[in-house]
Amino acid sequence: MSAAVIDERISAPAPDGKADASVVQVSESDWVSRFADEVIAEARRRDPDRPIVCASGLSPSGPIHLGNLREVMTPHLVADEIRRRGHDCVHLLSWDDFDRFRKVPAGIDPSWAEHIGKPLTSVPAPAGSEHPNWAEHFKAPMAAALAELGVEYRPVSQTQMYTSGAYTRQVLRAMSERERIDAVLRRYRTKEGVDDDGSVAAGYYPYRPYCSQCERDLTTVTGYDDETTELVYECGCGHSETVVLAEHRQGKLAWKVDWPMRWAYEGVVFEPSGVDHTSPGSSFVVGGQIIGPVFGGEPPIGPMYAFVGISGMAKMSSSRGGVPTPADALSIMEAPLLRWLYARRRPNQAFTIAFDLQIQRLYDEWDALSAKVDTSTATAADAAAHGRATRTARGALPTTARPVPYRTLASIVDVTAGDEDQALRIVRDLDPSRPIGSLDETRPRLDRARAWVLTQLPAEQRTRVRDEPDTGLLASLGDDERESLRLLAAGLDENWSLPGLTTLVYGVPKRLLGLPEDVKPTPELRAAQRAFFALLYHLLVGRDTGPRLPTLLLAIGADQVRKLIGT
RNA sequence: GGGCCGCUAGCUCAACGGUAGAGCAGCAGACUUUUAAUCUGCGGGUUCAGGGUUCGAGCCCCUGGCGGCCCA
């Protein structure tokens with residue numbers, strides 16, 4: 001990409017005139033920027049004086065997995081771009097915590113089945129939780145992850161909204177327009193009775209009360225008076241009752257009505273949704289036909305986003321256990337890297353997040369990109385994604401002062417088995433011209449690499465240093481091999497540094513062949529070096545390969561090395 | 001059966017309707033660092049196919065193919 005484009009981008013004046021000079025204006029051609037253009041134009045057309053509203057919705061019915069993060073990251077990135085341009089913008093996060101508890105997930109006490117049908121905020125949290133109810137228990141880790149990711153939003157609890165009566169006008173409106181709503185829904189209904197949106201022989205009612213006796217939603221509305229707003233319901237528990245809907249607080253609109261109601265209530269201009277919402281008869285399509293005639297207003301700009309996978313896994317489902325969450329991802333990678341994954345791909349593009357060895361390559365790519373950005377040699381799109389990953393309108397996210405390559409850190413953690421003194425000794429010698437004085441300079445990346453090694457690296461790929469010498473192998477060695485080991489052992493102490501040991505391990509085969517230290521490598525020497533290294537790996541870690549020998553030797557310690565090589 | 005999305009270099013992906021580009025892989029050279037090493041350089045394309053609109057199409061329209069997914 002030409003430098004002209006970059007220069008133009010950098011020299012573009014800050015729209016609000018107060019952004020500091022270090023904030024590089026993000027490219028105007030990436031997908032985030034294009035959505036921001038569209039959203040700003042649409043918001044201006046609707047009502048130029050209102051803050052621009054972007055929205056996300058999450059159901060805290062169980063662990064919130066990495067795929068659901070896209071529901072938040074997509075509006076976040078767009079809202080952040082809108083803020084960068086100096087507009088007032090709100091990112092709403094609707095917690096669907098007034099939804100019914102549908103089923104007891106695996107691993108939960110089966111007695112929780114008695115709560116099925118209650119609002120998620122009325123279900124006790126899983127045993128041992130510090131949180132007051134089911135919804136809060138699953139909201140908390142997501143909220144913590146979003147904070148770490150620098151996502152700014154305004155949380156909205158649907159329980160709070162419904163039970164406070166905030167939506168009463170809209171609920172009454174939906175009830176009086178129930179026939180019109182039913183007509184829309186009927187267009188997509190093919191079977192009788194399977195729709196969970198409240199179609200019954202007695203008539204369609206978009207409102208479902210939670211039973212005042214058992215708290216569950218096993219209720220059926222059997223009558224409604226538009227004049228008095230008196231509503232009659234029967235519950236599966238046997239309870240039956242007449243309530244005044246205008247004053248009723250324990251109930252909610254059917255999802256396909258609830259969603260457009262909120263679009264209208266909040267004035268949402270941008271809210272993406274998953275691919276499952278794009279089919280005919282889906283919530284988004286139906287909602288778009290309901291909002292105008294029933295609530296007044298227009299549906300938001302609502303791109304669909306594709307699924308996010310984990311490398312090695314197909315797609316994620318929160319109904320299955322053991323699915324990685326944003327917190328899991330943040331334990332093995334820094335926040336900017338995770339942000340980058342969501343920023344660099346358009347929403348309709350599926351991608352995978354690496355929990356396996358691929359993460360090392362990903363980090364290499366990230367470091368290379370960062371270097372290009374520092375020298376203004378990155379392409380416009382790459383620079384844009386990098387900018388969105390590393391900072392928000394509010395400021396920069398925390399970074400690692402000395403970004404040692406992830407694969408190196410992982411290797412160090414692996415070899416040292418968590419011994420920080422050894423790790424520091426190795427890290428300090430990595431770059432003698434700019435020595436690292438404290439492991440803290442390599443954090444938080446070091447901590448992420450450590451977590452990756454401990455939780456993701458398969459046991460068979462871990463390096464385990466032998467406790468005892470391989471006496472069988474030692475006994476089988478020839479004279480030359482014994483001599484090479486003796487030469488190594490003799491030089492350990494005076495060469496005990498990364499460069500020193502490097503010279504030593506390459507030098508031993510030379511001396512054995514009678515070659516000078518500064519000899520050019522011949523094929524014969526290369527072969528001898530390779531064989532020597534393989535021998536050492538076998539003696540030290542029981543395999544024919546491993547981490548670079550100088551690193552490995554430093555980590556093992558001279559005494560143990562001498563013990564393992566039988567000298 | 002209905003619908004959504006995608007198809008661009010070997011792979012993963014860029015490219016307001018205006019000369020198709022990156023990363024990785026590959027190849028060549030360099031290198032006294034092996035484990036997926038590092039540095040420099042180079043090559044790499046019928047943009048799934050066919051038709052249409054346009055001065056101009058990877059991009060817009062139509063038809064078909066293949067792939068992924070949703071609903072039924």
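Order of the sequence lines sets the chain letters (A, B, ...), proteins ahead of strands, with each chain counted from 1. These numbers come from a predicted model, not from an experiment.
- Using a 4.0 Å heavy-atom cutoff across all strands shown, A:A534 reaches no nucleic acid atom at all.
- As a whole-Å value, the separation of A:D30 CG from B:rC16 P is 11 Å.
- A 6.0 Å sphere centred on CG of A:D479 holds no more than 12 heavy atoms belonging to other residues, nucleotides or ligands.
- Taking 4.0 angstrom as the limit, A:R346 places a side-chain polar atom (N or O) nearer than this to OP1 or OP2 of B:rA15.
- In this structure, A:R361 places its CZ atom 15 Å from P of B:rA36, rounding to the nearest Å.
- For B:rG6, the OP1/OP2 oxygens have no side-chain nitrogen or oxygen of A:R345 closer than 4.0 Å.
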Are there any protein N/O atoms within less than 3.5 Å of an N/O atom in nucleotides 37-45 of chain B, and if so, which ones and at what distance?
unit_1, atom_1, unit_2, atom_2, d
B:rA37, O2', A:R548, NH2, 3.0

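- In this structure, A:R34 is not positioned above the aromatic face of A:W31 in the sense of NZ or CZ being under 6.0 Å from the six-membered ring centre and within 45° of the axis.
- Scored by the side chain to side chain donor-acceptor pair (under 3.5 Å) test, A:Y537 finds no partners at all (sequence neighbours excluded).
- With hydrogens and angles ignored, the 3.5 Å screen pairs a side-chain donor or acceptor of A:R466 with a backbone N or O of A:E468.
- In terms of modelled atom types and a separation under 3.5 Å, the side chain of A:T74 and the main chain of A:R70 share a donor-acceptor contact.
- Between A:N348 and the phosphate of B:rC4, there is no side-chain N or O to OP1/OP2 separation shorter than 4.0 Å.
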Base-pairing string, 5' to 3', of RNA chain B - Watson-Crick or wobble, under 3.5 Å, | interstrand:
(((((((..((((....[..)))).(((((.......))))).....(((((..]....)))))))))))).

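- Residue contacts shown for A:L549 include a base, since a base heavy atom lies under 4.0 Å away.
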Kindly determine whether A:Y406 and A:W366 satisfy ring-ring contact (aromatic ring centres under 6.0 Å, His included), including the steps that lead there.
CA-CA 10 Å; A:Y406 191 89; A:W366 171 251; over 10 Å; no

